[in-house]
Asks: 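For reference, the structure I am asking about is given below.
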Amino acid sequence: MIENSRIALTIGTALDRFIKNHQEEFKYATGELSQILRDIALSGKVVNREINRAGLINLSGNMGSLNMAGDNQQKLDVLANIRFTRALTKGGEVCAIVSEEEDDIIEVNKDANYVIAIDPLDGSSNIDVNVSIGTIFSVYRRVSEVGTPVTEEDVLQPGINQVAAGYVLYGSSTMLVYTTGSGVNGFTYDPTLGEYFLSHQNMVIPEDGKIYSVNEGSYNSFSPPVKAFVDDCRDKNISGRYIGSLVADFHRNLLKGGIYGYPATAKSPNGKLRLMYECNALAFVIEQAGGKASTGEQRIMEINPADIHQKTPIFIGSKKMVERVEAFHKEMAKVAQD
Ligand code: AHG
Ligand code: MN
Ligand code: MN
């Protein structure tokens with residue numbers, strides 16, 4: 001006979017309940033941010049369904065067009081963009097959206113308080129080969145008065161002004177991980193119930209890690225401090241793990257301890273990743289989980305964006321590993337100066 005005490009009967013707190021229970025932690029607490037999180041979670045379910053069926057309903061492959069960042073748009077990039085922007089537009093809580101797939105700021109409801117920056121689908125090149133992909137989002141409060149047209153100032157805010165950020169990971173299971181500035185929590189989607197449940201409460205990244213994630217094919221064009229850091233990882237026998245899907249690489253490193261880096265290369269002198277809808281969101285999450293995010297010389301969340309599609313080099317993950325990258329930069333800048 002099976003003993004009842006040995007069967008895990010709890011299925012965790014449903015996302016909706018969690019959002020409701022924690023709404024008061026947020027200083028504005030009017031329920032608008034909660035609704036935005038629910039809209040993102042719901043769009044994530046729809047995109048998850050479409051990703052799972054992509055190979056069956058001709059959703060794999062290229063659109064034959066380029067987005068603002070100069071990347072090939074995949075059919076699922078375009079579809080995910082429609083799903084998220086439509087849900088966030090209809091909800092009424094959002095005044096402007098910045099998306100990787102849209103050239104300009106999308107002006108939505110001038111009577112709303114929140115600005116969203118979103119990478120609707122990250123890791124596009126992995127869509128057709130069944131590797132994990134993700135959605136990344138940042139939420140800001142506008143700075144101009146509600147009811148007036150949205151300004152550039154509302155949108156071009158540094159990461160330190162984020163009020164919420166997170167990602168959906170479409171992996172071996174689908175997860176929503178987010179922060180509103182009081183720690184990081186992860187929810188796993190149960191497709192049989194159509195609900196996300198709290199599975200990773202108060203996530204904390206190990207202070208030091210045993211994984212580094214860098215595209216070493218570009219090693220020859222890395223700067224001397226970045227080369228020195230990679231060499232140091234090799235010398236220390238730290239494992240190299242690189243999926244090429246930022247969300248998936250980030251999520252693994254968050255759980256296990258490690259660092260993800262996309263430095264400047266000859267091909268991409270400012271790195272490849274976009275500040276407003278990739279780097280800032282994950283920087284907020286990692287800092288809330290006890291880690292760090294840096295260009296090597298500056299804290300990611302303190303960069304003042306000048307353009308919505310701006311790129312930045314990034315090193316993100318376990319505190320001590322990011323500090324080692326920063327130390328190499330400092331040391332070598334000093335040597336160059338002397
Ligand atoms: P996106 O699909 O949104 O354009 O982003 C892809 C990014 C990121 O997910 C990944 O870590 C990185 O590109 C991989 O770039 P490389 O192939 O140059 O290593
Ligand atoms: Mn991306
Ligand atoms: Mn993308």
Side-chain angles (χ1 to χ4, degrees), residues 40 43-44 47 50-51 54 59-63 65-85 97-103 116-138 165-171 177 211-222 226 230 240-254 258-283 285-286 293 300 308-317:
I40 289 173
S43 313
V47 169
E50 276 153 5
I51 289 168
L59 274 177
S60 308
N62 226 306
M63 280 290 282
S65 51
L66 297 180
N67 67 17
M68 237 350 244
D71 303 321
N72 257 320
Q73 277 186 313
Q74 307 285 315
K75 289 181 196 163
L76 272 173
D77 277 329
V78 174
L79 202 73
N81 185 46
I82 293 171
R83 292 293 180 226
F84 280 98
T85 51
I97 304 172
V98 166
S99 163
E100 182 184 24
E101 306 304 332
E102 306 278 347
D103 298 359
I116 311 280
I118 190 159
D119 179 351
L121 212 51
D122 175 77
S124 314
S125 61
N126 286 322
I127 292 173
D128 292 354
V129 292
N130 261 344
V131 171
S132 301
I133 47 185
T135 296
I136 311 173
F137 63 91
S138 278
Y167 57 87
V168 184
L169 171 64
Y170 312 100
V177 175
I211 295 170
Y212 74 107
S213 315
V214 176
N215 184 346
E216 282 187 67
S218 304
Y219 178 89
N220 288 344
S221 69
F222 291 165
V226 175
V230 171
R241 295 279 183 274
Y242 191 74
I243 300 169
S245 251
L246 173 63
V247 177
D249 279 309
F250 175 89
H251 184 71
R252 180 204 52 238
N253 293 354
L254 169 60
I259 186 169
Y260 174 96
Y262 208 112
T265 64
K267 199 173 141 205
S268 313
N270 291 317
K272 180 182 178 190
L273 300 182
R274 280 55 61 111
L275 175 64
M276 285 213 60
Y277 41 82
E278 291 178 319
C279 300
N280 271 336
L282 299 184
V285 170
I286 211 75
I300 291 289
I308 56 171
H309 296 290
Q310 170 175 339
K311 297 177 179 178
T312 176
I314 186 169
F315 295 91
I316 184 165

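First listed ligand is number 1; within each ligand, the first listed atom is number 1. All figures in this text were calculated on a predicted structure; none of them were measured in a lab.
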Asks: Below 4.0 Å, non-hydrogen atoms only: which portion of Asp119 touches ligand 1? Side chain, backbone, both or neither.
Replies: side chain
Asks: Testing the basics here: between Pro313 and Ala264, what is the closest heavy-atom pair and its distance to 0.1 Å?
Replies: CB-N, 4.0 Å
Asks: What part of Tyr260, side chain from CB on, backbone N/CA/C/O, both or neither, has a heavy atom under 4.0 Å from ligand 1?
Replies: side chain
Asks: At under 4.0 Å between heavy atoms, is it the side chain or the backbone of Glu101 that contacts ligand 1, or both, or neither?
Replies: neither
Asks: For Gly244, counting its heavy atoms only, list the atoms of ligand 1 lying under 4.0 Å from any of them.
Replies: 9 (O), 10 (C), 11 (O), 14 (C)
Asks: Looking only at heavy atoms, what is the nearest atom pair of Arg241 and Asp249, with distance?
Replies: O-OD1, 3.7 Å
Asks: Return the minimal non-hydrogen interatomic distance between His309 and Glu102, and the atom names on each side.
Replies: NE2-O, 3.0 Å
Asks: Taking all heavy atoms of Leu273 and all of Cys279, pick out the closest pair and write down the distance.
Replies: CB-SG, 3.7 Å
Asks: Hey, is Ser124 touching ligand 1 through its side chain, its backbone, both or neither, going by heavy atoms under 4.0 Å?
Replies: both
Asks: Is the shortest side-chain heavy-atom distance between Leu169 and Val177 below 4.5 Å?
Replies: no
Asks: Does ligand 1 come near enough to Asp249 that some N or O of the ligand is less than 3.5 Å from an N or O of the residue?
Replies: no
Asks: Residue-level breakdown please: for Leu246 versus ligand 1, do any non-hydrogen atoms fall below 4.0 Å on the side chain, on the backbone, on both, or on neither?
Replies: both
Asks: Taking all atoms of both residues into account, what is the closest heavy-atom pair of Ser138 and Ala281, and its distance?
Replies: OG-CB, 3.5 Å
Asks: So, Asp77 versus Ser124: side-chain donor-acceptor pair below 3.5 Å or not?
Replies: yes
Asks: Listing by chain and number, which protein N, O or S atoms are under 2.8 Å from the Mn ion (ligand 2)?
Replies: Asp119 OD2, Asp122 OD1, Glu278 OE2
Asks: Report the residues that fulfil side-chain contact (heavy atoms from CB on, under 4.5 Å) with Ser43, sequence neighbours left out, ordered by chain and then residue number.
Replies: Phe84, Ala87
Asks: If you count the non-hydrogen atoms of other residues, nucleotides and ligands that lie under 6.0 Å from CG in Asn215, is the total more than 12?
Replies: yes
Asks: I need the minimum non-hydrogen distance between Asn253 and Ile211, along with the two atoms involved.
Replies: OD1-CG2, 3.5 Å
Asks: I'd like the name of whichever of Arg274, Glu216, Lys272 reaches closest to atom 4 (O) of ligand 1 through any heavy atom.
Replies: Arg274
Asks: As an exercise, identify every atom of ligand 1 less than 4.0 angstrom from a heavy atom of Glu278.
Replies: 3 (O), 5 (O)
Asks: List ligand 1 atoms under 4.0 Å from Asn215, heavy atoms only on the residue side.
Replies: 16 (P), 18 (O), 19 (O)
Asks: My understanding is that we take every heavy atom of each candidate and find the minimum distance to atom 6 (C) of ligand 1. Doing that for Asp122, Thr135, Val214, Ile133, which one comes out nearest?
Replies: Asp122
Asks: Report yes if the side chains of Tyr242 and Tyr260 come closer than 4.5 Å at any heavy-atom pair, otherwise no.
Replies: yes
Asks: Would you say that Arg252 contacts Ile243 through its side chain, given a criterion of any heavy-atom pair below 4.5 Å between the two side chains?
Replies: yes
Asks: Going by the atom numbers of ligand 1, which of them fall below 4.0 Å from some non-hydrogen atom of Leu121?
Replies: 3 (O)
